[in-house]
Amino acid sequence: FDLELARKHTNDNPVYYEQYAHARVASLFRQLEEKQLGYNRASGDAARDKLTHEAEQDLMTLLLSFPETVSAAAKARSPQILVNGLRELAATFHSYYNAVPILVEDDAIRSARLYLCKAVKQVLANGLAVLGLATTLVLRALDSELVFFVSPSEIAQKQPAAGQQIRIGGLVEDGSV
């Protein structure tokens with residue numbers, strides 16, 4: 001596993017796919033806001049039994065087994081085991097995202113699916129953090145949206161220009177004075 005390559009902002013980055021999955025979940029919550037739909041964590045947790053699609057079951061299985069993946073990587077002193085686990089989770093999430101409508105009208109199902117997506121996002125963030133890597137930083141300037149992959153220390157150094165927003169997960173900092 002080449003940590004320097006993983007810190008690069010290119011498609012050669014072996015964890016780019018995982019970072020992209022994390023950004024996709026964040027994008028779902030921005031879309032939720034734009035569509036003025038609701039999300040209720042407690043309702044999502046209570047409606048987990050409505051997650052019956054095969055892709056949802058696959059995601060839940062991977063999420064439940066992730067602590068074992070981290071343990072195996074630590075015991076073997078092999079970060080590649082963790083990278084492979086994250087890649088499998090990201091691939092399964094991307095398949096789910098493409099196969100199953102998430103922002104549906106039914107409040108309970110939407111909340112349950114978003115609850116699952118938030119769990120995926122959290123596990124990806126945790127796994128990337130264990131590797132010493134960042135998730136995403138999304139800069140919005142006017143109508144365009146740029147995604148940058150940076151380390152947590154780089155986030156602290158970034159100051160948004162006037163009129164720009166920096167979105168870190170669900171947090172937003174803007175460059176207004």
Side-chain angles (χ1 to χ4, degrees), residues 6 8-70 80-131 133-140 143-150 165-172:
K8 291 189 178 185
H9 305 183
T10 68
N11 286 337
D12 295 333
N13 177 336
V15 292
Y16 176 81
Y17 197 58
E18 292 79 353
Q19 291 169 320
Y20 180 60
H22 185 276
R24 238 180 182 180
V25 175
S27 174
L28 279 170
F29 282 87
R30 283 193 303 278
Q31 291 173 42
L32 181 74
E33 206 173 284
E34 289 166 4
K35 293 179 179 184
Q36 298 179 339
L37 295 172
Y39 165 68
N40 182 295
R41 183 181 188 271
S43 172
D45 187 25
R48 284 182 295 161
D49 62 326
K50 295 182 184 283
L51 300 176
T52 58
H53 192 280
E54 183 179 351
E56 292 165 334
Q57 297 297 313
D58 292 345
L59 275 174
M60 287 187 279
T61 299
L62 286 172
L63 290 169
L64 289 171
S65 68
F66 193 74
E68 295 165 11
T69 302
V70 173
Q80 189 60 45
I81 294 171
L82 181 54
V83 170
N84 291 342
L86 290 171
R87 177 158 294 133
E88 183 180 7
L89 178 60
T92 304
F93 173 74
H94 288 303
S95 294
Y96 171 65
Y97 181 90
N98 290 322
V100 178
I102 297 167
L103 300 180
V104 296
E105 290 299 318
D106 184 290
D107 289 338
I109 292 173
R110 181 179 59 249
S111 288
R113 288 179 177 164
L114 287 167
Y115 186 70
L116 177 61
C117 291
K118 275 192 130 186
V120 169
K121 182 180 177 211
Q122 185 64 57
V123 168
L124 289 169
N126 292 349
L128 290 166
V130 167
L131 294 168
L133 301 170
T135 52
T136 59
L137 174 67
V138 178
L139 294 180
R140 284 186 166 187
D143 293 333
S144 62
E145 186 172 283
L146 305 170
V147 179
F148 296 91
F149 301 102
V150 296
Q165 289 185 333
I166 295 181
R167 185 179 294 269
I168 305 169
L171 304 176
V172 176

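Nothing here was measured: the structure is a model prediction, and the numbers come from that model.
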In Å and rounded to the nearest 0.5 Å, what is the [atom1] to [atom2] distance from [X] to [Y]?
X      : Y      : atom1 : atom2 : answer
Gln19  : Leu86  : CD    : CG    : 10.0 Å
Glu33  : Leu28  : CD    : CG    : 13.0 Å
Thr69  : Leu82  : OG1   : CG    : 7.5 Å
Arg113 : Asp106 : CZ    : CG    : 8.5 Å
Leu131 : Asn126 : CG    : CG    : 11.0 Å

Checklist entry - Which residues satisfy the salt bridge (charged side-chain N to carboxylate O under 4.0 Å, His left out) test with Asp58, sequence neighbours excluded? => result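 Per chain and number, Asp58 pairs via salt bridge (charged side-chain N to carboxylate O under 4.0 Å, His left out) with no residue.
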
I want to check something: taking the side chain as every heavy atom from C-beta on, are [X] and [Y] in contact at a cut-off of under 4.5 Å?
X      : Y      : answer
Leu124 : Phe93  : no
Leu62  : Val120 : no
Asn84  : Glu88  : no
Val25  : Leu114 : no

Has [X] got a side-chain atom pairing as donor or acceptor with [Y]'s backbone, closer than 3.5 angstrom?
X      : Y      : answer
Arg110 : Leu103 : no
Asp45  : Arg41  : no
Gln57  : Leu51  : yes

Item to check | The single option from Glu56, Glu54, His53 passing side chain to side chain donor-acceptor pair (under 3.5 Å) against Tyr96 | outcome: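 It is Glu56; the other options fail the test.
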
Next on the checklist: Less than 4.0 angstrom from a charged side-chain N to a carboxylate O is my criterion; do Glu18 and Arg87 meet it?
Outcome noted: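 A salt bridge links Glu18 with Arg87.
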
Can you give me the closest heavy-atom contact between [X] and [Y], atom names plus distance?
X      : Y      : answer
Thr92  : Ala55  : CG2-O, 4.4 Å
Gly38  : Ser111 : O-OG, 4.4 Å
Ala47  : Ala108 : CB-O, 3.6 Å
Cys117 : Ile102 : SG-CD1, 3.9 Å

Checklist entry - Do we see a donor-acceptor contact under 3.5 Å between the side chains of Ser27 and Gln31? => result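 A pair is found: one side chain offers a donor N or O, the other an acceptor, under 3.5 Å apart.
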
Next on the checklist: In terms of relative ring orientation, are Tyr39 and Phe29 parallel, tilted or perpendicular, with 30° and 60° separating the classes?
Outcome noted: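 Perpendicular: the ring planes of Tyr39 and Phe29 meet at over 60°.
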
